[in-house]
Amino acid sequence: MADDISIGQFTDLMEMMRMGVESIARAQEKQALLTATGYAAGKRVAVVVNANNVVIQTRFTDDVSDLSYAELAAAITTAGQDAAAQIQRRTSEMVDEMRAQTARLPKLSEFVPGLPDLREMLPARPEVSTAPPSARRRAEAADADPPMVFTDVTPWDHTHSPQRPSGVSESGW
């Protein structure tokens, strides 16, 4: 199987991997520079977030004082969520572009028969809730996934020590 790969094929594979890693590094650097501004309350509230959706600036216009505390809080939340959605959209566009580039590359299984396609094994990212911590939607989303159950395990009695000596001569560390 692996013996069937020629030196040329292996060299091509390594070059493709190097180019892929460089492409990922460039995309990560580009994504790290992203910022987005969200507005609310008639553009009286502006929230700027970075690529990690961390608020890096909050601005108010001079006429924001006619908003109640509840309206101001809602406007800040809305503006922050708008900015975060912009970052998510732009990041998704970058990821889609990278996926399109890597889709043109041959799969590892084309070089080494029997290797699984790693792209198909990657799990999808779960959708992140924008609901407040106490919101019912957040609790329902958390309860939607059943707990993990492992069926291919070997039972182990954790209450008894091993019958054989462990070979450790000092247990002080």
Side-chain angles (χ1 to χ4, degrees), residues 1-2 5-64 67 71-146 148:
M1 179 158 52
I5 299 175
S6 72
I7 297 296
Q9 287 175 316
F10 184 73
T11 302
D12 290 345
L13 176 63
M14 293 306 295
E15 179 63 17
M16 284 185 334
M17 290 179 68
R18 184 192 61 76
M19 290 171 44
V21 169
E22 286 177 1
S23 177
I24 290 169
R26 281 191 306 273
Q28 287 175 331
E29 289 170 4
K30 185 177 173 184
Q31 195 272 340
L33 297 174
L34 291 178
T35 62
T37 305
Y39 298 95
K43 290 197 171 186
R44 292 185 286 179
V45 174
V47 174
V48 182
V49 299
N50 66 12
N52 290 333
N53 288 322
V54 173
V55 175
I56 57 174
Q57 186 179 44
T58 303
R59 297 186 307 259
F60 305 117
T61 61
D62 292 336
D63 61 343
V64 77
L67 294 175
E71 290 170 327
L72 187 57
I76 293 169
T77 301
T78 299
Q81 288 178 346
D82 177 50
Q86 291 176 47
I87 291 291
Q88 180 64 38
R89 185 174 52 256
R90 289 162 57 192
T91 299
S92 292
E93 289 169 359
M94 293 172 71
V95 169
D96 291 345
E97 182 181 319
M98 288 208 48
R99 284 188 177 140
Q101 290 174 2
T102 59
R104 292 189 295 261
L105 297 175
K107 297 176 182 175
L108 288 177
S109 60
E110 294 176 21
F111 287 96
V112 182
L115 273 184
D117 182 12
L118 298 179
R119 290 178 216 150
E120 293 174 5
M121 296 172 66
L122 294 176
R125 291 183 62 187
E127 187 173 326
V128 178
S129 174
T130 56
S134 62
R136 175 180 235 164
R137 285 185 300 163
R138 185 175 286 277
E140 289 171 353
D143 293 339
D145 291 332
M148 288 193 289

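Reckoned from all heavy atoms, side chains included, excluding hydrogens, waters and symmetry mates.
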- Could you give me the CA-CA distance, side-chain angles and deciding distance for Q31 and V95, then say whether side-chain contact (heavy atoms from CB on, under 4.5 Å) is met? CA-CA 10 Å; Q31 195 272 340; V95 169; over 6 Å; no
- Nearest heavy atoms of V49 and A84, plus distance in Å: CG2-N, 3.9 Å
- Item | Interatomic distance, N53 atom CG to L34 atom CG [nearest 0.5 angstrom] | 10.0 Å
- Item | For T61 against K43, the heavy-atom pair lying closest together |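 Looks like CG2-O, 3.6 Å.
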- Message: Counting C-beta onward and ignoring hydrogens, is there a side-chain heavy-atom pair between K30 and R26 closer than 4.5 Å?
- Response: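 In short, these two side chains do not touch, never coming nearer than 4.5 Å.
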- Work out which heavy atom in A83 is nearest to a heavy atom in V47; give both atom names and the distance.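 Here A83 and V47 meet closest at CB-O, 3.6 Å.
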- Say you draw a straight line from CD of E93 to CD of Q88; how long is it, rounded to the nearest 0.5 Å?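 So the CD of E93 and the CD of Q88 are separated by 10.5 Å.
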- Task: For the pair E15 and R18, find out whether any cationic side-chain nitrogen is under 4.0 Å from an anionic carboxylate oxygen.
- Result: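 Salt bridge flag = yes for R18 with E15.
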- Show the numbers, then the answer: is there a side-chain contact (heavy atoms from CB on, under 4.5 Å) between Q57 and T35? CA-CA 10 Å; Q57 186 179 44; T35 62; over 6 Å; no
- Message: Out of the candidates D63, D62, V64, only one should pair with F60 under the side-chain contact (heavy atoms from CB on, under 4.5 Å) rule; please name it.
- Response: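 Exactly one option meets the side-chain contact (heavy atoms from CB on, under 4.5 Å) with F60, and it is V64.
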- Could you state the interatomic distance from CE (M98) to CG (D96), rounded to the nearest 0.5 Å?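 It comes to 11.0 Å.
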- Query: Do side-chain atoms of R44 reach the backbone of L72 as a donor and acceptor pair under 3.5 angstrom?
  - Reply: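 No, the answer is negative, given that no donor and acceptor are paired below the 3.5 Å cut-off.
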- Query: Do any N or O atoms from the side chain of S23 and from the backbone of M19 form a donor-acceptor pair under 3.5 angstrom?
  - Reply: no
- Over all atoms of both residues, closest heavy-atom pair of A51 and I87: O-CG2, 3.5 Å
- For the residue pair D82 and G38, what are the closest heavy atoms and their distance? OD2-CA, 3.2 Å
